[in-house]
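To find a chain, count down the sequence lines: A is the first, B the second, and so on, and within it residues start at 1.
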2 protein chains.
Amino acid sequence: MSTTAAEIAAAWRRERPGTPTDSIEVFTPIVRLAKLLTDDRTRVLRAAGIDRATLDLLSVLRRAGPPYTLTTRELTERTLVTAGAISQRLARAEQEGLVTRAPDPSGHKAVAVTLTAAGHEVIERSVDAVLGRDSELVAGLSAEEQDLLIPLLGKLEGFVRARVG
Amino acid sequence: MSTTAAEIAAAWRRERPGTPTDSIEVFTPIVRLAKLLTDDRTRVLRAAGIDRATLDLLSVLRRAGPPYTLTTRELTERTLVTAGAISQRLARAEQEGLVTRAPDPSGHKAVAVTLTAAGHEVIERSVDAVLGRDSELVAGLSAEEQDLLIPLLGKLEGFVRARVG
DNA sequence: GTCTAAACGTTTAGACCTGAACATACCAGG
DNA sequence: CCTGGTATGTTCAGGTCTAAACGTTTAGAC
């Protein structure tokens, strides 16, 4: 049993008239959905012997296409975590032999990160499981509903992104 | 500069034809928005000398109305984190004098958690700041767009919730 | 009364992240 | 040259979470 967003907003208005509750019904389900989805993905991946942070890292490299190389800065830009977190992810992944780090000639002090054969295997083995699972979960909405939802989310993300961080 | 969800899906299809990408344009913005919003809220609250986990805890108690008391189990149900996390949050909040814990006569081994006067002050001081900020951010969508978005998110949340955890 | 199962809460180990401090490499002017 | 500034990465301290193991209390069967 869980409280709905509408109930939360109503409770604030009842307890504190004047509380600005107009955002609650939009943001509460978004934050909850994200938590449900990421926790579920963590569990799916644990069964495959990998963690979510590492999967994100390997996915970005895999999607880049051959030669599966990006600098640390590029990884940071594509990942929505801090440079410190990327550095730690890289240390773990390198330790496990999934990526290599080497000086990159271009740019200031760039480090070129490259997927190893082992890293490639890991991502091939897990990406279908993860995205297949997500496919099941998104099927709660019809294609028409998804087509309605996607542009709204895109617009909201753009607006929020311009005003934070 | 960040990759759009559509670009991510296209990259997977290009690199791995057959990859099930239909969920990406829905779930990627949801997960990103949640991260942008929670990180931003963390920063807003740090300025007020409180952390997000504690605010969530105090909010649930405050919304319950007088006498601002709930059991640990009720807090867990309303919070989407594990019982262990609630236990740790309570220990921190109790340490800071924001809540009290006492045996609850009803139920098995229930612990009654109650907001103190200090906890009440903290929540009164920060809730308008947090929800006011969220109000600014949700204004990226018109009222009509929000009315379109809310039921879609609700339907999706219900579907996902029934299939995870 | 006694026993057993279920409900409830806490502790602990292991992961991950942020933000700030720090270290290093390149570049452009003087 | 050489020197400050900018771009990059890394390290570290502090904080939070999950999941699993554990301890405790209550209710119900008999």
B:Glu15 side chain near A:Pro66 side chain, heavy-atom distance below 4.5 Å: yes

Minimum side-chain heavy-atom gap A:Val164-B:Arg133 below 4.5 Å: yes

Counter-base of D:dC12, judged by Watson-Crick or G-U geometry with both distances under 3.5 Å: C:dG19

Sugar-phosphate only, base, or nothing, as touched by A:Ala85 at under 4.0 Å among non-hydrogen atoms: base

Sugar-phosphate only, base, or nothing, as touched by A:Thr72 at under 4.0 Å among non-hydrogen atoms: sugar-phosphate

B:Gln88 side-chain proximity, nearest of D:dA19, C:dC17, C:dC16: D:dA19

A:Arg101 side chain near D:dT10 phosphate (N/O to OP1/OP2, under 4.0 Å): yes

D:dT18 OP1/OP2 closer than 4.0 Å to side-chain N/O of A:Arg46: no

Rounded distance (Å) that lies between atom P of C:dG14 and atom CZ of A:Arg92: 15 Å

Sugar-phosphate only, base, or nothing, as touched by A:Ala53 at under 4.0 Å among non-hydrogen atoms: sugar-phosphate

Separation of C:dC16 C1' from A:Leu55 CG (nearest whole Å): 15 Å

Mate of D:dC30 where both pairing distances stay under 3.5 Å, Watson-Crick or G-U: C:dG1

Nucleotide nearest A:Asp39 when distance is taken to its side chain, options D:dT18, C:dC17, D:dG9: D:dT18

Residues A:Asp40, B:Arg163: salt bridge by 4.0 Å N-O rule: no

N/O (side chain, B:Arg43) to phosphate O (OP1/OP2, C:dG19) under 4.0 Å: yes

B:Leu70 side chain near B:Arg78 side chain, heavy-atom distance below 4.5 Å: yes

B:Arg89 vs C:dG9: side-chain N/O to OP1/OP2 distance below 4.0 Å: no

Closest nucleotide among C:dT11, D:dT16, C:dC8 to the B:Arg73 side chain: C:dC8

Proximal nucleotide (of D:dG9, C:dC17, D:dC17) relative to the A:Thr71 side chain: D:dG9

Nearest-Å distance for atom pair CG/P, residues B:Leu36 and C:dT18: 11 Å

Whole-Å gap separating P (D:dT18) and CG (A:Asp40): 14 Å

Which residue lies more 5' along DNA chain D, comparing B:Val81 with A:Ala112 via nearest heavy atoms: A:Ala112

OP1 or OP2 of D:dG15 under 4.0 Å from side-chain N/O of B:Arg52: no

Whole-Å gap separating C1' (D:dT24) and CG (B:Asp104): 16 Å

Euclidean distance, atom CG of residue B:Leu80 to atom P of D:dT16 [Å, nearest integer]: 18 Å

Under 3.5 Å donor-acceptor pair, A:Glu74 side-chain atoms to D:dT8 base atoms: no

Nucleotide C:dC22, atom P - distance to NZ of A:Lys109 in whole Å: 15 Å

Nucleotide nearest B:Lys35 (side chain, heavy atoms from C-beta), chosen from C:dC17, D:dT8, D:dA19: C:dC17

Distance, rounded to the nearest Å, where A:Glu77 contributes CD and D:dG9 contributes C1': 14 Å

Side chain proximity check, A:Arg41 to A:Leu131, heavy atoms < 4.5 angstrom: yes

Lys/Arg N to Asp/Glu carboxylate O, B:Arg92 vs B:Glu96, below 4.0 Å: no

